K.L.:
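Below you will find the structure I want to go over with you.
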Amino acid sequence: MKIDFANLQKQYQSHKSEIDCAIQQVLDASNYIMGEQIVSLEKSLQNFCGAKYAVACSSGTDALILSLMAIEIKPDDEVITTPFTFVSTAEVISFVGAIPVFVDIDKDTYNIDVNKIEEQITNKTKAIMPVSLFGQPSDMDMIQQIARKYNLVVLTIPTAIHYPIPLHLQEAYKYLNYQRGDFKEAENLSKKIISLPMNPYLEDDEIKYIAESVCNAI
Ligand SMILES: Cc1ncc(COP(=O)(O)O)c(C=O)c1O
């Protein structure tokens, strides 16, 4: 049985009239930049998060690039992050010309190991980008404490994405000269961890098939 990790078609079908109506309103107004819908989305996000501002972007990657630009990250600046994340986290650091500096993950939470951050801080370090994996936040109290001590900005992002090869060993990051063995926890975990399809649109027979596959594997 082939089961999609996320099923956007089923998601769309279950909210079809609402989505179609919202898209039609945008087309009717033909006001694609800073239109009424964007302003109202930003307002509700701002209220929901209790934030001073909310800025809608075309993608998460763009949101991170804008954030790095806003804090004036420049070529050769260093930004500390985890190698166990979606590639976009490190990609945006490279995109603005800065250098991603990886720190291994904690073996229990799989998030950045806060006890290893300080040893990577240099006079080029400008920010820390922790990633909250699977909805579990990084140790933000400790990260904020380190950031205050060294005057660094903290940019956070959640993810549920990881790879069989952690970022420091991927072709795209060969130029950083990391070696196998540099981040043992991330390397060990990437050999063991699997992601199961888990979304509200799974049918009972699909859930049964996934559960049986896990039972057979362990
Ligand atoms: C860690 C991380 N960074 C950035 C992004 C932004 O991705 P996108 O540009 O596809 O919205 C994601 C999306 O899953 C992510 O998991």
Side-chain angles (χ1 to χ4, degrees), residues 49 51 57 59-195:
C49 299
C57 300
S59 70
T61 304
D62 275 354
L64 290 173
I65 293 172
L66 285 181
S67 308
L68 290 173
M69 289 167 83
I71 60 170
E72 299 185 347
I73 299 289
K74 296 187 191 60
D76 293 332
D77 286 346
E78 294 176 1
V79 178
I80 289 178
T81 192
T82 159
F84 201 75
T85 175
F86 183 48
V87 69
S88 171
T89 318
E91 180 190 23
V92 293
I93 301 171
S94 315
F95 184 82
V96 298
I99 302 163
V101 174
F102 296 117
V103 165
D104 206 0
I105 52 168
D106 176 85
K107 71 174 176 22
D108 297 321
T109 65
Y110 310 160
N111 288 327
I112 193 165
D113 186 341
V114 289
N115 297 312
K116 295 184 178 154
I117 293 178
E118 273 192 278
E119 61 204 52
Q120 296 304 325
I121 294 176
T122 70
N123 55 9
K124 289 183 173 179
T125 310
K126 295 285 152 49
I128 309 174
M129 280 177 67
V131 178
S132 301
L133 194 61
F134 308 138
Q136 175 161 256
S138 306
D139 183 347
M140 294 309 294
D141 289 344
M142 189 66 185
I143 290 170
Q144 293 291 3
Q145 203 176 308
I146 297 170
R148 271 194 299 274
K149 183 169 164 194
Y150 294 93
N151 199 21
L152 306 174
V153 178
V154 179
L155 296 174
T156 63
I157 181 146
T159 196
I161 301 174
H162 54 82
Y163 307 100
I165 304 175
L167 296 189
H168 67 289
L169 298 177
Q170 291 201 17
E171 188 70 28
Y173 283 106
K174 243 186 179 158
Y175 75 98
L176 293 175
N177 289 322
Y178 285 108
Q179 307 298 321
R180 192 169 294 280
D182 282 348
F183 305 118
K184 289 202 174 61
E185 300 301 343
E187 290 168 31
N188 286 340
L189 185 66
S190 61
K191 284 186 214 137
K192 293 192 287 197
I193 196 165
I194 55 167
S195 287

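It should be emphasised that the depicted structure is a prediction, and the values quoted were computed from it without experimental measurement.
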K.L.:
Which residues satisfy the salt bridge (Lys or Arg N to Asp or Glu O under 4.0 Å) test with E91, sequence neighbours excluded?
P.N.:
none

K.L.:
If you compare all heavy atoms of P83 against all heavy atoms of A186, which two are closest, and at what distance to 0.1 Å?
P.N.:
CG-CB, 3.9 Å

K.L.:
Can V101 and V79 be said to form a side chain to side chain contact (heavy atoms under 4.5 Å, CB included), step by step?
P.N.:
CA-CA 6 Å; V101 174; V79 178; over 6 Å; no

K.L.:
What distance separates L64 CG from M69 CE, expressed to the nearest 0.5 Å?
P.N.:
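Separation between the atoms: 13.0 Å.
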
K.L.:
Will you find, in the side chains of T122 and E78, an N or O donor that is under 3.5 Å from an N or O acceptor?
P.N.:
yes

K.L.:
Would you check, one step at a time, whether the test side chain to side chain contact (heavy atoms under 4.5 Å, CB included) holds for N111 with D139?
P.N.:
CA-CA 8 Å; N111 288 327; D139 183 347; over 6 Å; no

K.L.:
Taking all non-hydrogen atoms of both residues, which atom of S94 and which atom of P100 are closest, and how far apart?
P.N.:
OG-CG, 3.9 Å

K.L.:
Regarding S195 and H162, is there a side-chain donor-to-acceptor distance under 3.5 Å anywhere?
P.N.:
yes

K.L.:
Tell me, with the steps shown, if I99 and I93 meet side chain to side chain contact (heavy atoms under 4.5 Å, CB included).
P.N.:
CA-CA 6 Å; I99 302 163; I93 301 171; 5.7 Å; no

K.L.:
Using the salt bridge (Lys or Arg N to Asp or Glu O under 4.0 Å) criterion, which residues pair with K174? Sequence neighbours excluded.
P.N.:
E171

K.L.:
Between E118 and K149, does any NZ, NE, NH1 or NH2 come within less than 4.0 Å of an OD or OE carboxylate oxygen?
P.N.:
yes

K.L.:
Determine whether V87 and I161 make a side-chain contact, defined as any pair of heavy atoms from C-beta on separated by less than 4.5 Å.
P.N.:
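When only atoms from C-beta onward are counted, I161 and V87 do not touch, as no gap falls below 4.5 Å.
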
K.L.:
How about F183 and H168: are their ring centroids closer than 6.0 Å?
P.N.:
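Yes: the rings meet the under 6.0 Å criterion.
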
K.L.:
Would a 4.5 Å heavy-atom cut-off, applied to side chains only, mark M129 and T156 as touching?
P.N.:
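A side-chain contact under 4.5 Å is absent here.
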
K.L.:
Is E119 atom CD crowded by more than 12 heavy atoms from other residues, nucleotides or ligands, each under 6.0 Å away?
P.N.:
yes

K.L.:
Which class fits the ring pair Y110 and F84: parallel under 30°, tilted 30 to 60°, perpendicular over 60°?
P.N.:
perpendicular

K.L.:
Under the side chain to side chain contact (heavy atoms under 4.5 Å, CB included) criterion, do I71 and K126 qualify, and how do the steps go?
P.N.:
CA-CA 9 Å; I71 60 170; K126 295 285 152 49; 6.0 Å; no

K.L.:
What is the distance from atom OG1 of T61 to atom CG of L66, rounded to the nearest 0.5 Å?
P.N.:
11.0 Å

K.L.:
Judged by atom type as modelled, is there a donor-acceptor pair below 3.5 Å linking the side chain of Q179 to the main-chain atoms of N177?
P.N.:
yes

K.L.:
Calculate, to the nearest 0.5 Å, the distance between atoms CD1 and OG belonging to I157 and S132 respectively.
P.N.:
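One finds 9.5 Å between CD1 of I157 and OG of S132.
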
K.L.:
So, does K184 use its side chain to make a donor-acceptor pair with the main chain of D182 at under 3.5 Å?
P.N.:
no

K.L.:
Quick check: are there more than 12 heavy atoms from other residues, nucleotides or ligands sitting under 6.0 Å from OH of Y163?
P.N.:
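More than 12 within 6.0 Å, yes.
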
K.L.:
Name all pairs fulfilling the salt bridge (charged side-chain N to carboxylate O under 4.0 Å, His left out) condition that reach into residues 106-116, sequence neighbours left out, sorted by first residue then second.
P.N.:
D113-K116

K.L.:
Taking the six-membered ring for Trp, are the ring centroids of F102 and Y178 within less than 6.0 Å of each other?
P.N.:
yes

K.L.:
Between T89 and T81, is any side-chain donor less than 3.5 angstrom from a side-chain acceptor?
P.N.:
no

K.L.:
Taking all atoms of both residues into account, what is the closest heavy-atom pair of L152 and T125, and its distance?
P.N.:
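That would be CD2-O, 3.2 Å.
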
